[in-house]
Amino acid sequence: MIKEIVLIIISVVFVNNFVLAKFLGLCPFLGVSQKTSSAMGMGVAVTFVMTLSSAITWIVYNFILLPGDANIIAKVFPSIRELGLIEVLKTISYILVIATLVQLVEMMLRKMVPALYESLGIYLPLITTNCAVLGVALLNTTDSPKHLGFLQATVQGFGAGVGFTVAMLLMSGIRERLALVNIPQSLRGIPIAFICTGLMALAFFGFSGMVQ
Amino acid sequence: MAEQNNLKEFTKGIVQYNPMFVLVLGLCPSLAVTTSVKNGVAMGGAATFVLICSNFIISVVRSFIPREIRIPCFIVVIAAFVTMVELLMKAYLPPDLNASLGIFIPLIVVNCIIMYRAESFAYKNKPLVSILDGAGLGLGWTLSLCLVSAIREILGAGTIFGLKVSESYQPASVMIMAPGAFIVLGLLLGFFNWRKLRKSEKSMKAYMKHD
């Protein structure tokens, strides 16, 4: 059990890093990686939302969307037992879960940890449209290569968030140095950030094969 | 006059407001699906359809949406059309194409281009111009997807639309993997920046001469 969880975390942080290998969450990755401090804040907030949304979307997937005896809605509308709602409601229900969750996190933080809330500022509401959050929810519930359990799905969500944070921190470190370097004018800003990301992705290839 | 304006709403999305190279939005799918031109066209088509439909619906109901909850409203409209596209593509396109686009079709929901147009154009303009705006930006995005994917497919697989380019070329498969995507897009963005800089320099020189 513990071995499996460690494997999931290593796989999703290093081998299949969401930003560098799966191209998810690139907009905040490039938008918020100017300074290490804001990169860290964004990473922590995203990790938090990803972990919670993985857990909740797993419950939604298994007890509301999938056809079968476990479906709660099928108890009221028997026709849903065979078909399920998976085809029509998956995307909409997931994005609603995420949007609600982000709103909830925002309210809780404002009440309980005002200092963190202040430092995250605009990045908090933007997490809703971070495709890494929706991406990990979708990947957790595709059932390929196998159906994930509740714990595995949650751990995968947490690991994906950690991987995102690691990539953000590395990138912000590079970009803080890039700001001082003499770069051709047309490559300044996003183009050189992309090229650096490409080289980072190449370096992360070294991890492939670590986990089968 | 009105027709000319409509035409402008359509063409501005292709060059002036090109979503990929000028606005630099919607990056995740631009990199993930551009391993071959076929994927690029399919992804561009799907996103264009969603963009046109969501722009139209949001523009029609814009006076009923309260300002405070507009973002959730946009997301629900967009998600409905994305679900439609997903079902249509599963029904009519070959399974291998669907498999290679994977989760990036449902992820159109969180594509910044669509949200950006809903927020900054459709919510403020009439339905007809909103449709034209959506079509223009969608076309611009599809064309840029084709450009990136053509470069990556030729360099990385030695083919274009699945046809071999040259017998002697040994494909560099890193180009169709993750690092190639980042580097190609970085260099392309740099190239377009360079062209813009040169143009403004030239017009500056012409202006000085004129003086």
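Just so you know, these numbers use all the heavy atoms, side chains as well, and skip hydrogens, waters and symmetry mates.
- Of all the listed residues (Leu107(B), Leu87(B), Ile183(B), Val24(B)), the one sharing the greatest number of non-hydrogen pairs under 4.5 Å with chain A is Leu107(B).
- Proximity to chain A (any heavy atom under 4.5 Å) is restricted, for Lys90(B), to the side chain, taken from C-beta onward.
- Of all the heavy atoms in Phe182(B) and Val19(A), the pair that sits closest is CZ-O, 3.7 Å.
- The parts of Ile103(B) that come within reach of chain A are both its backbone and its side chain, each placing non-hydrogen atoms under 4.5 angstrom from that chain.
- Ala178(B) and Phe23(A) get closest at one heavy-atom pair: CA-CZ, 3.4 Å.
- Note: Ile92(A) leads Ile92(A), Leu24(A), Leu187(A) in heavy-atom pairs under 4.5 Å with chain B.
- Of the two parts of Lys90(A), neither the backbone nor the side chain holds a non-hydrogen atom closer than 4.5 Å to a non-hydrogen atom of chain B.
- Neither the backbone nor the side chain of Ile192(A) has a heavy atom closer than 4.5 Å to any heavy atom of chain B.
- Among the residues in residues 69-78 of chain B, those with a non-hydrogen atom closer than 4.5 angstrom to a non-hydrogen atom of chain A are Ile75(B), Val76(B).
- With a threshold of 4.5 angstrom between heavy atoms, Gln103(A) does not approach chain B through any atom at all.
- Comparing Gly180(B), Ala79(B), Pro179(B) by heavy-atom pairs within less than 4.5 Å of chain A, the highest count is held by Pro179(B).
- Neither the backbone nor the side chain of Ala99(A) comes within contact range of chain B; no heavy atom of the residue lies under 4.5 Å from a heavy atom of that chain.
- Looking at Leu197(B), the atoms closer than 4.5 Å to chain A (heavy atoms on both sides) all sit in the side chain, from C-beta outward.
- No other option in Ile190(A), Leu96(A), Thr197(A) has as many heavy-atom pairs under 4.5 Å with chain B as Thr197(A).
- Neither the backbone nor the side chain of Phe191(B) comes within contact range of chain A; no heavy atoms are under 4.5 Å apart.
- Looking at Leu134(A), both its backbone and its side chain come within 4.5 Å of chain B, counting heavy atoms on both sides.
- With a 4.5 angstrom heavy-atom cutoff, Phe205(A) touches chain B only via side-chain atoms.
- Heavy-atom distances place no part of Thr100(A) under 4.5 Å from chain B, backbone and side chain included.
- When all heavy atoms of Cys28(B) and Gly25(A) are compared, the pair lying nearest together is SG-N, 3.6 Å.
- Using a 4.5 Å cut-off between heavy atoms, Val133(A) makes no contact with chain B at all.
- In this structure, the portion of Val174(B) lying under 4.5 Å from any heavy atom of chain A is its side chain and not its backbone.
- In this structure, the side chains of Phe194(A) and Leu27(B) come closer than 4.5 Å at one or more pairs of heavy atoms.
- Ranked by heavy-atom pairs under 4.5 Å with chain A, the list Ser30(B), Pro106(B), Cys112(B), Gly102(B) is led by Pro106(B).
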